[in-house]
Colleague: 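Structure provided below as structure tokens; questions to follow.
Within every chain, numbering begins at 1; the chains are lettered A, B, ... in the order of the sequence lines, protein sequences first and strands thereafter.
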Amino acid sequence: MKYQANKIEKKWQKYWEDNNTFEAKDYDKREKFYGLVEFPFPSGEGLHTGHLRSYTAMDVICRKKRMQGFNVLFPMGMDAFGLPAENYAIKTNTHPQITTRKNIDNFVRQLKGTGFAFDWSRFISTTDPEYYKWTQWIFIQMFKKGLAYKSSENINWCTSCKIGLANEEVVAGACERCGGEVIKKEKEQWMLKITDYADRLIDGLDNINFLETIKKQQSDWIGKSEGAEIQFKVKSQKSKVSEELKVFTTRPDTLFGATFMVIAPEHPILRKLESDIKNISEIKEYIEIATKKTDIERASEDKAKTGIELKGLKAINPVNKEEIPIFVADYVMMGYGTGVIMAVPAHDQRDWEFAKKYNIEIREVISGGDISQAAYIEEGLAINSEKFNGLETEEFKEKIIKYLEDKKLGKATVNYKLHDWIFSRQRYWGEPIPMINCTKCGWLPVPEDDLPVELPQVDDFRPGDDGESPLTKATEWLNTTCPKCKGSAKRETDVMPNWAGSNWYFIRYTDPKNDKELVDRKKADYWLPVDWYNGGMEHNTLHLLYSRFVYKFLADINVVPKHKDIGDEPYSKRTAQGMILGEGGVKMSKSKGNVINPDGYLDKYGADTVRIYEMFMGPFDQSIAWDDKGVNGVYRFLNKVWDLQDKVVEKEISKEVQNLIHKSIKKVGEDIDNMRFNTAVSQMMILVNALDKESEISKEVFERFVLILAPFAPHMAEEMWQALGNKNSLASFAWPDYDKNLAQDDKVIIGIQVNGKVRDDIELDFDTEPSESLQAEILAREKVVRNIKDKEVVKFIHIRNKIISIVVK
RNA sequence: GCCGGCGUGGUGGAAUUGGUAGACACGCAGGACUUAAAAUCCUGUGGCAGUAAUGCCGUAUCGGUUCAAGUCCGAUCGCCGGUACCA
């Protein structure tokens, strides 16, 4: 019988569904395994090959775990809120609800057609009110704990999306999503205080099994630096002022070398002391140019620093009372530290360049460099620092901080790159922020019994040109009563960002239908943490950081467990796959028209072929180009496998085949555990090529092969398993064992080198020990003799099972 | 600039982590089957020289350590990803 992929795939997909083969059982006695993949955004284009790579990998892992006797939870859902759905709605004037439902159906169809062993009974969508009720509930809990607050600040404003963006969503000065121009705009925003968790987000990385590069990305993003905050008094020539400039520095030991100060153009002191600045009109001009510049322009100015001195004002160095000039310059950012720096040109390269340009004194206070050439940024012994002279940097730092603290001139402090998280979007297709504003009582959360706050129907999904949310147009919904004084009040019209639903979804999978609480604590205790989370490289920083933050918060309020080994971390292991590129190695994109939709391949070759190709195409963690011919090669392999069935008989197993099957079981198992799927597949190819050469194949051997093939090509494996006379699905059948001794070849061929060059090889019994007789035998071999000639053997090295190396002179 | 990763045949890639470089697959060439093509099967396939045996060269480049280097060390070049005036 010919291999008919589509027929057997449909048959088994139906079987799995009818028999709930992949249902995860709460509280089961078997050891649990929670495997997680990132749920997709259901776009109009359907699944792409990248989704399949990630999902197939975790599917292979989960199927193997299930065969090994684990109670596996492998869930799927849809992250369906977001801009693309909304932009599509604006374009076509269709409600996002409708397009989203259609897209979800299409995604589910494609996922089921690929044969993933998801527990579909736990399916969730972030747009389902039963789900986002709890997204809103989390927000309210954060508000109650003071972690959600409203703040008016300069936000990044995408002129194209007409939406506020978090700093994290601005890439090189442009909108992360649409690439549009980003400008600064003042706006009232809900903020989440993720900075309160900064230290815990760093410390938590210690005990979890993430790739080292991911850990580094996480901690670099948080960007913790320890240093000191120091106050400089400001002195005006014109009037008595009591203003102070606070600076943050990681090098308080260079304080005596501060010869000027620089403040950011946005710094509020400029407005306060306007009348004291003699050259104010010049300054104002500079500020105007600076604030007009987008970040991208500020950054691309060839590193040439510009700035202007504030005439009429001086700052006083708190340790030596020196009066130093103050500059405004756009290389200092309001968003980091205090927006003011003490410039130490001798020991900071940017300050050095600035001082050279504006002819400011460069005073060396740390010895060891040549400050006439460049700033010396290393540590060293202090000089020109009065009573601190001669101290090592570390000791100096401690002493000067103590000194400043005693005199109330400064203090030790910690600074982070991480900003609080802007959580408001003035858009339509998101979770409404469940807050009510009463003119008398202020901001109050919607009573929890009234959740969810459902997204109201509106006719126009477009944000207002003033940047207000489309929800302001839903007047009936907008006007409500104050939960406290019962007076008239208004609802918050901003919605939550895309991240809101995706930063806790993995918790909900453990109890997806609970309408009483976010999750039944007993179920969460059973299933969490996630044992293995695989996803895209692009989510290694933000999504991971946000969801770790939310988990820690939920653990603090006792909604989810803290674990014995990894504490309040949600994922014990995280891996990431490489991207799949279009043919020729270019990034797939709609605009290039080279996006590969798996549907065509699923129809033509079947899911098993596509699955194996995705695993075989290259190392899992590297980007790789799609190759149509490679798909065909895998299809050939599966046909060969299928045809082997005709040769299966009950018979004795030859020694060679016994060795090969045990070796294969070992290698395929180990390779799956290490995500080395490509070599697992090639091992199966080697096995199949060998079996193909036999005239008859032992049933026992073939059964074992079918079992190791099953995670990769589950449909074909089930069909062949049944044909071998088995009644039930192999999904929970035992993963085969291997015998260590049988997996080991009993002969090895090793090379014989003469002066480092391989001249001969010899077959030896495995584990043959070096011996004199063997040495004599080797030295008598014809090729060896020929290569030694008349030279003297000075060394004879025999490394067991590896090499024989002869050194001659 | 800084941080991380990588560089192996015509192509994707393997190499037990210092021990016969090129597994497996794609492609290509030749052959079988066929009226023919597709599919399938067989053979060959790193480069150079040679009928061959074999020899020399070969893992981005240069140098080092070692009996032995794709693997370790140093320098250089190139590519990819992250980040960007972070005080």
Colleague: So what does A:Ile804 hit on the nucleic acid, given a heavy-atom distance under 4.0 Å: a base, only sugar-phosphate, or nothing?
Modeller: nothing
Colleague: Quick one: A:Lys802 NZ to B:A69 C1', roughly how many Å, whole number?
Modeller: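 Taking NZ of A:Lys802 and C1' of B:A69, I get 15 Å after rounding.
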Colleague: Looking at side-chain heavy atoms only, is the closest gap between A:Thr541 and A:Asp220 below 4.5 Å?
Modeller: no
Colleague: Using a heavy-atom cut-off of 4.0 Å across all strands, would you classify A:Asn689 as base, sugar-phosphate, or nothing?
Modeller: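 Result for A:Asn689 = sugar-phosphate.
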Colleague: Which part of the nucleic acid, if any, lies within reach of A:Phe616 when heavy atoms closer than 4.0 Å are counted: base, sugar-phosphate only, or nothing?
Modeller: base
Colleague: Name all residues meeting the ring pair (Phe, Tyr, Trp, His ring centres under 6.0 Å) criterion together with A:Phe677; count only those two or more places apart in sequence or in a different chain, and write none if there are none.
Modeller: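 Applying ring pair (Phe, Tyr, Trp, His ring centres under 6.0 Å) to A:Phe677 gives A:Phe620.
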Colleague: Could you let me know what B:A68 is paired to, Watson-Crick or G-U wobble, both distances under 3.5 Å, or none if it's on its own?
Modeller: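 Pairing partner: none.
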Colleague: With C1' as the reference atom in both, quote the distance from B:G22 to B:G70 in angstrom, rounded to an integer.
Modeller: 11 Å
Colleague: Round to the nearest Å and state the distance from A:Asp627 atom CG to B:U11 atom P.
Modeller: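 Computing the A:Asp627:CG to B:U11:P distance gives 13 Å.
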Colleague: With sugar-phosphate meaning primed atoms plus P, OP1 and OP2, does A:Asn540 contact a base, only sugar-phosphate, or nothing at under 4.0 Å between heavy atoms?
Modeller: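 Nothing: the residue A:Asn540, judged by heavy atoms under 4.0 Å, touches no strand.
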Colleague: So, is A:Asn415 close to the B:A87 phosphate, meaning a side-chain N or O under 4.0 Å from OP1 or OP2?
Modeller: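 Result: no.
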Colleague: Could you identify the nucleotide paired to B:A21, looking across every strand shown and requiring Watson-Crick or G-U wobble geometry with both distances under 3.5 Å?
Modeller: none
Colleague: N/O contacts under 3.5 Å, protein versus nucleotides 50-56 of chain B?
Modeller:
| residue | atom | partner | partner atom | Å |
| --- | --- | --- | --- | --- |
| B:U54 | OP1 | A:Lys783 | NZ | 3.4 |
| B:C56 | OP1 | A:Arg759 | NH2 | 3.4 |
| B:C56 | OP2 | A:Arg759 | NH1 | 3.2 |

Colleague: Is there a donor-acceptor contact under 3.5 Å linking the side chains of A:Asp627 and A:Tyr613?
Modeller: no
Colleague: Which base sits across from B:C2 as a Watson-Crick or G-U pair, both distances under 3.5 Å?
Modeller: B:G82
Colleague: Is it true that the side chains of A:Asn801 and A:Asp767 contain a donor and an acceptor less than 3.5 Å apart?
Modeller: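 Yes - a donor-acceptor pair under 3.5 Å links their side chains.
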Colleague: Would you say A:Arg636 places a side-chain N or O within less than 4.0 Å of OP1 or OP2 belonging to B:C26?
Modeller: yes
Colleague: Cut-off 3.5 Å, side chains only: do A:Asp628 and A:Tyr601 have a donor facing an acceptor?
Modeller: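 There is such a pair between these side chains.
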Colleague: Send over the distance from A:Tyr416 OH to B:A87 C1', rounded to a whole Å.
Modeller: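 Going from OH in A:Tyr416 over to C1' in B:A87 covers 17 Å.
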Colleague: Base, sugar-phosphate, or nothing: which does A:Thr250 touch, judged by heavy atoms less than 4.0 Å apart?
Modeller: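 Sugar-phosphate contact only - A:Thr250 comes under 4.0 Å of backbone atoms but never of a base.
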Colleague: In whole Å, measure the gap between the P atoms of B:C73 and B:C56 for me.
Modeller: 30 Å
Colleague: If we take the P atom in both B:A36 and B:A52, what is their distance in whole Å?
Modeller: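 Their P atoms lie roughly 33 Å apart.
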Colleague: Roughly how far apart, to the nearest Å, are B:A23 and B:G31 at atom C1'?
Modeller: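 To the nearest whole Å, 26 Å.
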Colleague: For A:Arg350, is there an ion pair with A:Asp348 - N to carboxylate O distance below 4.0 angstrom?
Modeller: yes
Colleague: In whole angstroms, how far is the P atom of B:U20 from the CD atom of A:Glu763?
Modeller: 16 Å
Colleague: Please work out if A:Ile686 contacts a base, only the sugar-phosphate, or nothing of the nucleic acid, heavy-atom cut-off 4.0 Å.
Modeller: sugar-phosphate
Colleague: Does a side-chain N or O of A:Arg676 approach OP1 or OP2 of B:C24 to a distance below 4.0 Å, or not?
Modeller: no
Colleague: Could you tell me if the side chain of A:Met684 sits less than 4.5 Å from the side chain of A:Ile612, heavy atoms only?
Modeller: no
Colleague: Determine the interatomic distance between P on B:G19 and the same-named atom on B:G64; round to the nearest Å.
Modeller: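 Approximately 22 Å lies between the P atom of B:G19 and that of B:G64.
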Colleague: Rounded off to whole Å, could you give me the CH2-to-C1' distance for the A:Trp221 and B:A84 pair?
Modeller: 10 Å
Colleague: Both distances below 3.5 Å, Watson-Crick or wobble geometry, any strand: find the nucleotide opposite B:U61.
Modeller: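 Its partner is B:A75 (Watson-Crick or G-U wobble, both distances under 3.5 Å).
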Colleague: Can you work out whether A:Met685 or A:Gly756 has the more 5'-proximal nearest nucleotide on RNA chain B?
Modeller: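 Its nucleotide being nearer the 5' end, the pick is A:Met685.
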Colleague: Quote, to the nearest angstrom, the P distance that separates B:G10 from B:G58.
Modeller: 16 Å
Colleague: Is B:G50 paired to anything, Watson-Crick or G-U wobble with both distances less than 3.5 Å, and if yes, which nucleotide?
Modeller: none
Colleague: Do A:Asp420 and A:Thr195 get their side chains close enough for a donor-acceptor pair, meaning under 3.5 Å?
Modeller: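 Yes, side-chain donor-acceptor contact under 3.5 Å.
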Colleague: Quick one: look up who B:U40 pairs with, Watson-Crick or G-U, both distances under 3.5 Å, and put none if it's unpaired.
Modeller: B:A32
Colleague: If you find the nucleotide of RNA chain B closest to A:Gln753 and the one closest to A:Lys795, which residue's nucleotide is nearer the 5' end?
Modeller: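 The residue whose closest nucleotide sits nearer the 5' end is A:Gln753.
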Colleague: Counting only Watson-Crick pairs (N1-N3 plus N6-O4 or O6-N4) and G-U wobbles (N1-O2, O6-N3), all under 3.5 Å, who is the partner of B:C26?
Modeller: B:G10
Colleague: Would you indicate what A:Gly633 reaches in the nucleic acid, counting non-hydrogen atoms under 4.0 angstrom: base, sugar-phosphate, or nothing?
Modeller: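 Counting heavy atoms under 4.0 Å across all strands, the contact made by A:Gly633 is with sugar-phosphate only.
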Colleague: Can you tell me the Watson-Crick or wobble partner of B:U16, both distances under 3.5 angstrom?
Modeller: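 Because no pair has both required distances under 3.5 Å, B:U16 counts as unpaired.
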